[in-house]
There are 2 protein chains.
Amino acid sequence: MHEQRAGAANADFVRAEETPLTERQRLILRLIVREYVATGRPVGSRSLWESSGIGVSPATIRNEMAALEERGYLEHLHTSGGRVPTDRGYRYFVAHLMGDIELPSSEQLTILHQFRQIELQLEQWIELAAATLARAAGNVSVVSAPIPQSPRLRHLELVALQPRLGLIILVTTDGAVRQVMAHWPDDADQETLSPLADSLAVALRGSTPDEIESHAVGASALARAVLDQIANALRGMTAGGAAVRHSGLEHALTQPEFSHSAEAQELLALLGGGSFVSAMLPRLEEGPGVRVFIGAENPADELRRLGIVVSTYGVDGEVVGVLGVVGPTRMAYDRSISSVRYVARLMSGLMADLRG
Amino acid sequence: MHEQRAGAANADFVRAEETPLTERQRLILRLIVREYVATGRPVGSRSLWESSGIGVSPATIRNEMAALEERGYLEHLHTSGGRVPTDRGYRYFVAHLMGDIELPSSEQLTILHQFRQIELQLEQWIELAAATLARAAGNVSVVSAPIPQSPRLRHLELVALQPRLGLIILVTTDGAVRQVMAHWPDDADQETLSPLADSLAVALRGSTPDEIESHAVGASALARAVLDQIANALRGMTAGGAAVRHSGLEHALTQPEFSHSAEAQELLALLGGGSFVSAMLPRLEEGPGVRVFIGAENPADELRRLGIVVSTYGVDGEVVGVLGVVGPTRMAYDRSISSVRYVARLMSGLMADLRG
DNA sequence: TTTAGCACTCTCTGCCCGAGAGTGCTTATG
DNA sequence: CATAAGCACTCTCGGGCAGAGAGTGCTAAA
């Protein structure tokens with residue numbers, strides 16, 4: 001199989017070396033992709049002829065199919081098993097045949113409504129995003145928590161729990177909140193901690209982790225311990241420590257590609273191991289927009305049988321996350337793309353509100 | 001099938017109506033349960049004889065098996081398919097045959113070590129508990145976040161995001177932290193909010209939601225809005241709003257009971273729909289300790305083919321959660337019970353630290 | 001260029017059959 | 001009387017086989 005670049009740029013590559021597809025070939029390819037995505041069974045000339053009401057005979061369809069196969073858009077699993085789109089076929093479909101890619105506005109309203117309802121519970125945003133995305137796309141969804149690019153401190157609270165144990169609560173300029181437990185070097189009750197928190201909050205407002213640590217020189221042992229742990233916690237909010245949620249496994253299980261437990265386990269391992277996110281994070285650099293990876297276009301071997309639709313979300317340059325949909329190569333790319341785009345926009349809007 | 005009460009009390013019921021099992025019958029029942037749990041295949045007299053090195057012939061084993069079947073501890077799926085324990089058989093095993101039920105101390109140390117490593121990240125406790133419990137028990141685990149019984153306010157922070165939008169951060173006396181977004185009735189910047197937060201923090205320390213609302217009379221519009229939303233958020237932390245995590249689905253998928261996607265989907269629906277927790281929450285009333293529900297002993301119909309091991313955890317009367325393990329009826333109850341017990345103790349210890 | 005016809009291939013399903021494993025019953029034995 | 005041995009019977013599982021169904025490529029006709 002040839003090297004392929006991801007994205008619409010692929011179209012140039014096709015045009016450069018061969019004549020373009022005829023209108024009828026495009027129609028047939030579109031019908032095959034739609035049919036195969038819907039049924040999961042390889043599609044043959046006769047059955048396509050029956051189900052589509054196309055104006056030409058099965059024999060003609062066969063000829064066109066052979067041409068499409070010749071050029072790498074279809075393939076032939078067994079001599080008499082009907083045809084199936086190749087990765088390249090899906091790619092062509094996504095780039096040229098898919099048509100309208102906005103989520104139906106009724107769907108948009110449903111989702112919006114759900115977000116309105118729990119707007120206030122910050123902790124649940126990611127979970128809700130994962131759940132709605134999975135439902136809208138009809139596939140497994142993966143959503144990372146927003147990751148501050150360069151977290152700065154906005155607020156700070158210290159809570160005494162036990163003589164030498166307490167809670168540090170941080171709020172960053174992005175509106176993210178983090179709570180960590182902390183040990184003090186000496187006993188400290190709430191009456192000691194509160195004034196310390198107040199003075200540190202003022203002194204550290206807008207500081208980066210490095211700047212926070214620089215305040216440690218000359219401070220008391222307690223203050224030094226606190227400063228250290230604040231800086232660490234703040235650092236922990238960047239890429240490495242981001243929480244990732246997935247949802248909609250039930251959609252995958254209904255599909256024949258995952259009906260055997262071995263394949264389902266493999267998918268589970270991918271989701272649990274975070275290899276999905278780590279594979280996609282580098283793409284964050286490429287800027288905003290929805291990216292599609294089909295089968296062998298994926299960077300990692302274990303993703304070769306999957307289709308992946310991802311997008312970043314967030315406020316440009318300040319805090320970004322990644323969200324996407326994963327399914328078998330045979331997936332409804334149009335639905336997935338429109339869902340991912342819509343939910344990404346929605347989350348970006350919410351992040352913008354939070355940034356203030 | 002007869003009505004059965006859960007727990008060791010069952011033994012009385014058996015003894016009351018029939019003669020006790022002979023020592024050899026107990027041995028054979030134990031061997032059958034162990035063998036069936038390990039292999040998943042019905043166990044026959046010859047194969048049991050070969051694998052166990054027991055001192056009697058297959059024919060004798062057959063006779064004892066027939067006796068055990070007669071009394072409801074075993075059953076016979078097909079005329080020649082070997083025997084399988086019934087729910088009652090498992091129950092007898094759990095109550096009398098299981099023996100040592102402490103987690104091996106090497107396992108204990110491993111788990112403890114993992115908790116030490118992330119001790120500081122409060123948000124990750126539940127997730128870690130779910131992950132380690134699943135691993136230790138070799139089954140799917142479910143862990144609810146701790147649920148404060150009667151949450152009282154300990155600390156309070158207000159953060160301005162936009163003119164009329166902000167963040168309220170609460171810390172309860174149990175050490176739980178909650179962040180909610182809030183709308184103000186008038187524009188309010190950080191310089192307005194900080195003094196308000198300070199004065200409210202002092203005034204409301206130790207208050208219940210109702211008491212907080214009672215402060216609203218005669219307060220400013222802004223303060224009233226804040227008080228309202230604090231009270232609501234605090235109320236939301238009790239039972240209804242508790243987060244639930246599960247982990248270890250891969251263990252279920254390796255087992256033949258869930259190898260078909262239909263059964264796996266059913267399990268997924270149970271976990272996602274929260275019906276597991278809602279079925280088990282009433283048991284919280286019965287006090288601490290590990291509870292085991294085997295097959296038809298379960299309250300809900302959809303759980304009839306599952307074995308469930310649950311325990312509460314937390315600080316008595318103040319904050320409690322529930323955690324447990326779910327698998328096919330054919331599960332390693334001894335391993336599950338010891339794992340659940342150990343992790344529950346561990347979490348209780350952590351809660352006690354947090355309570356301060 | 002399109003279509004009809006045809007021979008061929010491959011999968012899938014149902015069926016049969018034999019091997020293997022397990023049971024219950026009957027009878028022998030210490 | 002409890003245990004063991006022998007035996008006929010039953011049921012599942014896997015392989016082999018045939019026929020149906022679906023699909024293809026090729027050739028020839030419209």
Side-chain angles (χ1 to χ4, degrees), chain A residues 19 21-29 31-33 35-36 38-86 89 256-257 259-260, chain B residues 19-29 31-33 35-36 38-86 89 256-257 259-260 330:
Chain A
T19 59
L21 297 184
T22 67
E23 201 50 47
R24 191 169 65 191
Q25 285 171 333
R26 292 159 54 94
L27 170 64
I28 287 175
L29 179 54
L31 288 172
I32 291 175
V33 170
E35 180 75 8
Y36 183 57
T39 68
R41 286 191 303 269
V43 15
S45 54
R46 164 174 246 93
S47 70
L48 186 66
W49 177 69
E50 279 166 354
S51 70
S52 70
I54 196 174
V56 295
S57 76
T60 307
I61 297 178
R62 271 206 291 284
N63 289 333
E64 297 289 37
M65 280 177 160
L68 286 167
E69 179 167 359
E70 170 76 18
R71 299 174 62 173
Y73 296 104
L74 296 179
E75 71 186 331
H76 222 142
L77 265 48
H78 302 288
T79 313
S80 80
R83 258 108 171 179
V84 158
T86 60
E257 282 85 348
S259 72
H260 286 294
Chain B
T19 58
L21 297 182
T22 67
E23 202 51 47
R24 192 169 63 190
Q25 285 170 333
R26 292 160 54 96
L27 170 65
I28 287 175
L29 179 55
L31 288 172
I32 290 175
V33 170
E35 179 76 7
Y36 183 58
T39 67
R41 286 192 304 270
V43 13
S45 54
R46 165 172 243 94
S47 70
L48 186 68
W49 176 69
E50 279 167 353
S51 70
S52 71
I54 196 175
V56 294
S57 77
T60 306
I61 296 179
R62 273 205 291 284
N63 289 333
E64 297 290 35
M65 280 176 162
L68 286 167
E69 180 168 358
E70 169 77 20
R71 299 174 62 172
Y73 295 105
L74 296 178
E75 72 186 330
H76 221 144
L77 266 47
H78 302 286
T79 314
S80 79
R83 257 106 171 182
V84 158
T86 59
E257 282 85 348
S259 72
H260 286 294
R330 173 186 69 80

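Just so it is clear, the values below take in all heavy atoms, side chains as well, and ignore hydrogens, waters and symmetry mates. Note on naming: letters A, B, ... go to the chains in the order of the sequence lines (proteins, then strands), and numbering restarts at 1 for each one.
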How many whole angstroms separate atom [atom1] of [X] from atom [atom2] of [N]?
| X | N | atom1 | atom2 | answer |
| --- | --- | --- | --- | --- |
| B:I28 | C:dG22 | CD1 | P | 15 Å |
| A:E75 | D:dT24 | CD | C1' | 16 Å |
| A:E70 | D:dT24 | CD | P | 16 Å |
| A:H76 | C:dC8 | NE2 | C1' | 13 Å |
| A:L48 | D:dA22 | CG | P | 15 Å |
| A:W49 | D:dA22 | CH2 | C1' | 15 Å |
| B:R46 | D:dA4 | CZ | C1' | 13 Å |
| A:L77 | C:dT11 | CG | P | 10 Å |

Tell me, which of residues 54-69 of chain B have any heavy atom that sits under 4.0 Å from an atom in DNA chain C?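 Residues of residues 54-69 of chain B under 4.0 Å from DNA chain C: B:R62, B:M65.
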Go through residues 78-85 of chain A and report each residue with a non-hydrogen atom lying under 4.0 Å from DNA chain C, sorted by number.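 The stretch gives A:H78, A:T79, A:S80 as the residues lying under 4.0 Å from the strand, ordered by number.
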Candidate pair B:E64 and B:V56, rule side chain to side chain contact (heavy atoms under 4.5 Å, CB included), full reasoning: CA-CA 11 Å; B:E64 297 290 35; B:V56 294; over 6 Å; no
Is A:R24 close enough to C:dT1 that one of its side-chain N or O atoms is under 4.0 Å from OP1 or OP2 there?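 No, no such contact exists.
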Does any non-hydrogen side-chain atom of A:E35 lie less than 4.5 Å from one of A:R41?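 No, their side chains stay 4.5 Å or more apart.
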Answer yes or no: is there a side-chain heavy-atom contact under 4.5 Å between A:E69 and A:T86?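 No, too far: nothing below the 4.5 Å cut-off.
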How long is the gap from CD1 on A:I28 to OG1 on A:T22, to the nearest 0.5 Å? 7.5 Å
Under 3.5 Å, N/O pairs linking protein and nucleotides 27-30 of chain C:
none

Would you confirm whether B:S45, through its side chain, and B:A59, through its main-chain N or O, come within 3.5 Å as a donor-acceptor pair? no
Side-chain (B:S47) to main-chain (B:V43) donor-acceptor, under 3.5 angstrom: no
Near DNA chain D, counting only heavy atoms under 4.0 Å, which residues of residues 38-45 of chain A show up? A:G44, A:S45
Given the rule in the side chain to side chain contact (heavy atoms under 4.5 Å, CB included) test, do B:L77 and B:R83 qualify, once you have shown the distances and angles that lead to the verdict? CA-CA 7 Å; B:L77 266 47; B:R83 257 106 171 182; over 6 Å; no
For the pair B:T60 and B:R24, evaluate side chain to side chain contact (heavy atoms under 4.5 Å, CB included) and give the outcome as yes or no after the intermediate values. CA-CA 10 Å; B:T60 306; B:R24 192 169 63 190; 3.6 Å; yes
For B:E75, the side chain to side chain donor-acceptor pair (under 3.5 Å) test, sequence neighbours excluded, returns none
Sequence-distant partners of A:L27, side-chain contact (heavy atoms from CB on, under 4.5 Å), two or more places apart: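 With sequence neighbours excluded, A:L27 shows a side-chain contact (heavy atoms from CB on, under 4.5 Å) to A:R30, A:L31, A:I54, given in chain and number order.
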Using every non-hydrogen atom in the two residues, find where [X] and [Y] come nearest and quote the distance to one decimal.
| X | Y | answer |
| --- | --- | --- |
| A:P42 | A:G81 | CB-O, 2.7 Å |
| A:Q25 | A:A67 | NE2-CB, 3.5 Å |
| A:P85 | A:V33 | CG-CG2, 3.9 Å |

Please walk me through it: do B:R46 and B:R62 pass side chain to side chain contact (heavy atoms under 4.5 Å, CB included)? CA-CA 9 Å; B:R46 165 172 243 94; B:R62 273 205 291 284; 6.0 Å; no
